[in-house]
A.B. asks: 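Structure below; questions to follow.
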Amino acid sequence: MRLSCFPLSTTRETPADADVVSHQLLQRAGFIRKLGAGLYTWMPMGLRVLRRIENIVRQEMDRAGAAELLMPSIQPAELWQQSGRWNAMGAEMLRIKDRHQNDYCYGPTHEEVIVHHARQDVRSYRQLPFNWYQIQTKFRDERRPRFGLMRAREFLMKDAYSFHLDAADLDREYLNMREAYARVFERLGADYRVVQADSGNIGGAKSEEFHILAGSGEDLLAVSSVGDYAANIEAAACPPSGRARPAPSLAMEQVSTPGQKTCEQVSKFLDVALAAKVKLLVAKGHEGALVGIALRGDHELNEVKAARHPLVASPFELARIEDVQAAFGCEVGYLGPVNCPIPVIADHAALEIADFVCGANVNDHHLKGVNWGRDCSLAEGTDLRRIVEGDAAPDGSGGLISFCRGIEGGHIFQLGRKYTQAMAFTVLDEQGQAITPEMGCYGIGVSRLAAAVIEQRHDDKGMRWPDAIAPFRVVVCPIGTDKSERVLKLAGQLHDELCAAGIETLLDDRGLRPGPMFADADLIGIPHRIVIGEKSLANDQYEYKRRDADKPEMIAAGLDAVLEKLGA
RNA sequence: CGGGGCGUAGCGCAGCCUGGUAGCGCACUUCCUUGGGGUGGAAGUGGUCGGAGGUUCAAAUCCUCUCGCCCCGACCA
């Protein structure tokens, strides 16, 4: 490709609305242009990268035995009503009406559509298992689009859906996809980690995320210092420590704590450790009921875990303050499990302390020396809290948890029968009995990966693409073309020869001075650069530089030495 | 959803407080110059100041409404 014929518009200045490196570089290098909040156009240079990532994903999916199809981006509401998600999905689903006032959505995901097609075409167990995937544009009306491509509203996603006779076969395919994903992430040159995840409102049991590790990542990951345990902190389990609760040593006593409402205030006021306090949150239960949630004072609630408890409404919502005050007869700063008017569930860690401090359910008063079982009923113990750094790894390896940040690039789920059942997809088994298939789904955020790779691979000059997904593998830079016919001719010739050898090559024939030319090549992040100028031609040499090398080196002029450097 | 900020040339910004003929840098056009890390110079092109209404002799500037965009937060009693 000759750059003089290729639309490329780079800027030296950083766009004002970009605050992560990938977003800045993508815009500066002219890879993407913003059209609206969370909406981006892929300009030609950027699209080349997107397509290459897409092709790696496609190759690995095909290799893993999945079959590509393409579903509409607009979906009829009827299917979503069948699965029950038309109402369950919130405002992030873009709902639209056609001219007949019929309801549609711009697909945020395609479980409903795929199950619909599966039930149309698949009747027999002989047709199972299968795995269908597409690479399709999706739209999610994020409450806050940000970080450019990392949390855009419209984005490109690979989504795959598999169907199986039984759970064991789903397990097999899940592992198959897990391996395919690992190959994808390795080919992208990404430093990634597979972590246990929560399956969110998609539903289902087993679920893992593939995270590209980066400080700018939106997700916090809990990683064990021993073994390979890692989990999204949303999903990281906090089992009982195994330590027995100490025996009560103090009598319960009510103390005055005027105006001390938060755990921090009370702990300071009474001079007790935060971890020696039990706090009580109140969540909405079912049909207007309230549920008390007891946590140790220094712990935080994990709403995802709470919402899974049968007494707690899902999605999780805190009770309205007026309702809580009506039930307890005091302000929310003084709640506690003693003489509690509503059912209480407690996090394991809150149950492991004795002689604790908690609200007295009386304004401006707390209780000291409180003990489970003796002073209040022993609440049911459940995992309700967010994991914290320094916790023991929940896999029992003896490791300690520390946090790091990641960008979710892929997510694999075992959905079970949630959708196949809701949408009445059955096949006949060998005995002629109808059975409901097990389902898995597997997503990769293709457009997000482009940004994630940049977050990991960049320097102060620009992007540093690996060969596998670079927009071009090589850029040929002729110096002083207006003075030297020979330079221009040799550069054009090398470009043509490299292209003929199947190497994606860019010839910078814009006639720029070396400074701007090199700056653009570095910004765009092309992995290999060949400079041709009279100076080196005097020694019958070209100059070769890797994007990530400090210094250039001289090589013999001609195609062979170049090919050798490229390892081609 | 709550809070804050910003909309002035393609991009980045100043001007607004204190109303009076709209400016700078980059980019772009032409010419000269320069030629190994964004040369130097000369001359140019380009703006209904986000939109609507109001105050005023006069509004980018003050007031009201509205739209768009960005940032922070989103429950821990």
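Each chain gets a letter, A, B and so on, in the order its sequence line appears, and its residues count up from 1.
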A.B. asks: Of all the choices, B:G36, B:G25, B:C76, which nucleotide is nearest to the side chain of A:R386 once you look at every atom?
C.D. replies: B:C76

A.B. asks: Taking the nucleotide of RNA chain B with the closest heavy atom to each, which residue, A:F147 or A:F316, is nearer the 5' end?
C.D. replies: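 Closest to the 5' end, via its nearest nucleotide, is A:F147.
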
A.B. asks: Heavy atoms under 4.0 Å, any strand shown: does A:P516 hit a base, just sugar-phosphate, or nothing?
C.D. replies: base

A.B. asks: Could you measure between the two P atoms, the one in B:U66 and the one in B:U48, and give it in whole Å?
C.D. replies: 26 Å

A.B. asks: Quickly work out the A:Y334 OH to B:C76 P distance and round it to whole Å.
C.D. replies: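 Value for this atom pair: 15 Å.
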
A.B. asks: What integer distance in Å separates A:R143:CZ from B:C69:C1'?
C.D. replies: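 After rounding, the gap between these two atoms is 20 Å.
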
A.B. asks: Can A:E234 and A:K305 be counted as an ion pair, charged N to O under 4.0 angstrom?
C.D. replies: no

A.B. asks: Is it true that the NZ or CZ of A:R529 lies under 6.0 Å from the centre of A:F518's six-membered ring and within 45 degrees of the ring axis?
C.D. replies: yes

A.B. asks: What nucleotide, of B:G12, B:G38, B:C76, holds the atom closest to the side chain of A:D520?
C.D. replies: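 Closest of the options to the side chain of A:D520: B:G38.
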
A.B. asks: B:U61 and B:G19: how far apart are their P atoms, nearest whole angstrom?
C.D. replies: 12 Å

A.B. asks: Using a cut-off of strictly less than 4.0 Å, decide whether A:K461 has a side-chain nitrogen or oxygen near OP1 or OP2 of B:G38.
C.D. replies: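 Indeed not, no polar side-chain atom of A:K461 lies that close.
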
A.B. asks: For A:V324, answer base if it contacts any base atom (sugar-phosphate contacts may also be present), sugar-phosphate if it contacts only those atoms, and nothing otherwise; contact means non-hydrogen atoms under 4.0 Å.
C.D. replies: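 Result for A:V324 = nothing.
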
A.B. asks: Within this structure, what is the CE-to-P distance between A:M517 and B:G35, rounded to whole angstrom?
C.D. replies: 15 Å

A.B. asks: Using the C1' atoms only, state how far B:G20 lies from B:C1, rounded to an integer number of Å.
C.D. replies: 44 Å

A.B. asks: Would you tell me whether A:D467 and A:H528 have side-chain atoms, one donor and one acceptor, within less than 3.5 Å of each other?
C.D. replies: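 Per modelled atom types, A:D467 and A:H528 side chains form a pair under 3.5 Å.
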
A.B. asks: Taking the minimum atom-to-atom distance to the side chain of A:E13, which one of B:G37, B:C76, B:G12 wins?
C.D. replies: B:G12

A.B. asks: Apply side chain to side chain contact (heavy atoms under 4.5 Å, CB included) to the pair A:D520 and A:R510, showing each step before the final yes or no.
C.D. replies: CA-CA 12 Å; A:D520 272 351; A:R510 296 175 298 177; 2.9 Å; yes

A.B. asks: Is B:G35 paired to anything, Watson-Crick or G-U wobble with both distances less than 3.5 Å, and if yes, which nucleotide?
C.D. replies: none

A.B. asks: How long is the line joining CG of A:D508 and P of B:G38, in whole Å?
C.D. replies: 16 Å

A.B. asks: Determine the Euclidean distance between corresponding C1' atoms of B:C49 and B:G23; express it in Å to zero decimal places.
C.D. replies: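 Those two atoms are separated by 12 Å.
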
A.B. asks: To the nearest Å, how far apart are A:R547 CZ and B:G37 P?
C.D. replies: 17 Å

A.B. asks: Which base sits across from B:U48 as a Watson-Crick or G-U pair, both distances under 3.5 Å?
C.D. replies: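 Result: none.
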
A.B. asks: Students often get this wrong, so: under 4.0 angstrom with heavy atoms, is A:T11 touching a base, only sugar-phosphate, or nothing?
C.D. replies: nothing

A.B. asks: Check every strand shown and say whether A:K483 touches a base, only sugar-phosphate, or nothing at a heavy-atom separation below 4.0 Å.
C.D. replies: base

A.B. asks: Among the nucleotides B:G38, B:C76, B:G37, which one has an atom lying closest to any side-chain atom of A:D522?
C.D. replies: B:G37

A.B. asks: Could you tell me how far apart A:Q24 (CD) and B:C71 (P) are, to the nearest whole angstrom?
C.D. replies: 11 Å

A.B. asks: Could you tell me whether A:Q265 atom CD has more than 12 heavy atoms of other residues or ligands within 6.0 Å of it?
C.D. replies: yes

A.B. asks: Any strand counts, and the cut-off is 3.5 Å on both contacts for Watson-Crick or G-U wobble. Which nucleotide pairs with B:C1?
C.D. replies: B:G73

A.B. asks: For B:C6, give the paired nucleotide (Watson-Crick: N1-N3 plus N6-O4 or O6-N4; G-U: N1-O2 and O6-N3; both under 3.5 Å), or none.
C.D. replies: B:G68

A.B. asks: Would you classify A:L335 as touching base, sugar-phosphate or nothing, given that sugar-phosphate means primed atoms plus P, OP1 and OP2, and contacts are heavy atoms under 4.0 Å?
C.D. replies: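 If one applies the 4.0 Å heavy-atom cut-off, A:L335 turns out to touch nothing in the nucleic acid.
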
A.B. asks: If B:A42 has a Watson-Crick or G-U wobble mate with both distances under 3.5 Å, name it; if not, just say none.
C.D. replies: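 When the pairing criteria are applied, B:U30 turns out to be the nucleotide that pairs with B:A42.
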
A.B. asks: Looking at A:R529 and B:G37, is any side-chain donor or acceptor paired with a base atom of the opposite kind under 3.5 Å?
C.D. replies: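 Yes, the side chain and the base share a sub-3.5 Å donor-acceptor pair.
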
A.B. asks: How far does the C1' atom of B:C16 sit from the matching atom of B:C62, given to the nearest Å?
C.D. replies: 10 Å

A.B. asks: On RNA chain B, nearest-nucleotide positions of A:P514 versus A:L301: which is more 5'?
C.D. replies: A:P514

A.B. asks: Among B:G12, B:C71, B:G36, which nucleotide has an atom closest to any side-chain atom of A:R146?
C.D. replies: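 Side chain of A:R146 sits closest to B:C71.
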
A.B. asks: Does a donor on one side chain sit under 3.5 Å from an acceptor on the other, for A:H366 and A:T257?
C.D. replies: yes

A.B. asks: Measuring from the side chain of A:R513 (C-beta onward, heavy atoms only), which nucleotide among B:C70, B:G12, B:U34 has the closest atom?
C.D. replies: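 Out of B:C70, B:G12, B:U34, the nucleotide with an atom closest to A:R513's side chain is B:U34.
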
A.B. asks: Between A:R385 (side chain) and A:E300 (backbone), is there a donor-acceptor pair under 3.5 Å?
C.D. replies: no

A.B. asks: Whole Å only: how far is the CD atom of A:E92 from the C1' atom of B:A74?
C.D. replies: 16 Å

A.B. asks: Which base sits across from B:C62 as a Watson-Crick or G-U pair, both distances under 3.5 Å?
C.D. replies: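 B:C62 is paired with B:G54.
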
A.B. asks: With a 4.0 Å cut-off, would you call A:R95 and A:D103 a salt bridge?
C.D. replies: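 Result for this pair is no, no salt bridge flagged.
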
A.B. asks: Across the strands shown, which category fits A:G336 at heavy-atom distances under 4.0 angstrom: base, sugar-phosphate, nothing?
C.D. replies: nothing

A.B. asks: Using the C1' atom as the point on both nucleotides, what is the distance between B:G15 and B:A9, in whole Å?
C.D. replies: 15 Å

A.B. asks: Could you work out which one of B:C76, B:G25, B:G36 sits closest to the side chain of A:I479?
C.D. replies: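 Closest nucleotide to the A:I479 side chain: B:G36.
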
A.B. asks: Looking at every strand, decide which applies to A:G333 at a 4.0 Å heavy-atom threshold: base, sugar-phosphate, or nothing.
C.D. replies: sugar-phosphate

A.B. asks: Could you state the atom-to-atom distance from CD1 of A:I532 to C1' of B:G35 in whole Å?
C.D. replies: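 One finds 17 Å between C1' of B:G35 and CD1 of A:I532, rounded.
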
A.B. asks: With a 4.0 Å cut-off on N to O distance, would you call A:K565 and A:E553 a salt bridge?
C.D. replies: yes

A.B. asks: B:G38, OP1 or OP2 - any side-chain N/O from A:R12 closer than 4.0 Å?
C.D. replies: no

A.B. asks: Could you identify the nucleotide paired to B:G25, looking across every strand shown and requiring Watson-Crick or G-U wobble geometry with both distances under 3.5 Å?
C.D. replies: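 Pairing partner: B:C11.
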
A.B. asks: With a non-hydrogen cut-off below 4.0 angstrom, is A:A519 in contact with a base, only sugar-phosphate, or nothing?
C.D. replies: base

A.B. asks: Could you measure between the two C1' atoms, the one in B:C17 and the one in B:G53, and give it in whole Å?
C.D. replies: 24 Å

A.B. asks: Looking at B:C71, B:G36, B:G38, which one has an atom nearest to any side-chain atom of A:R28?
C.D. replies: B:G38

A.B. asks: Between B:U39 and B:A22, how many Å separate the two C1' atoms, rounded to a whole number?
C.D. replies: 31 Å

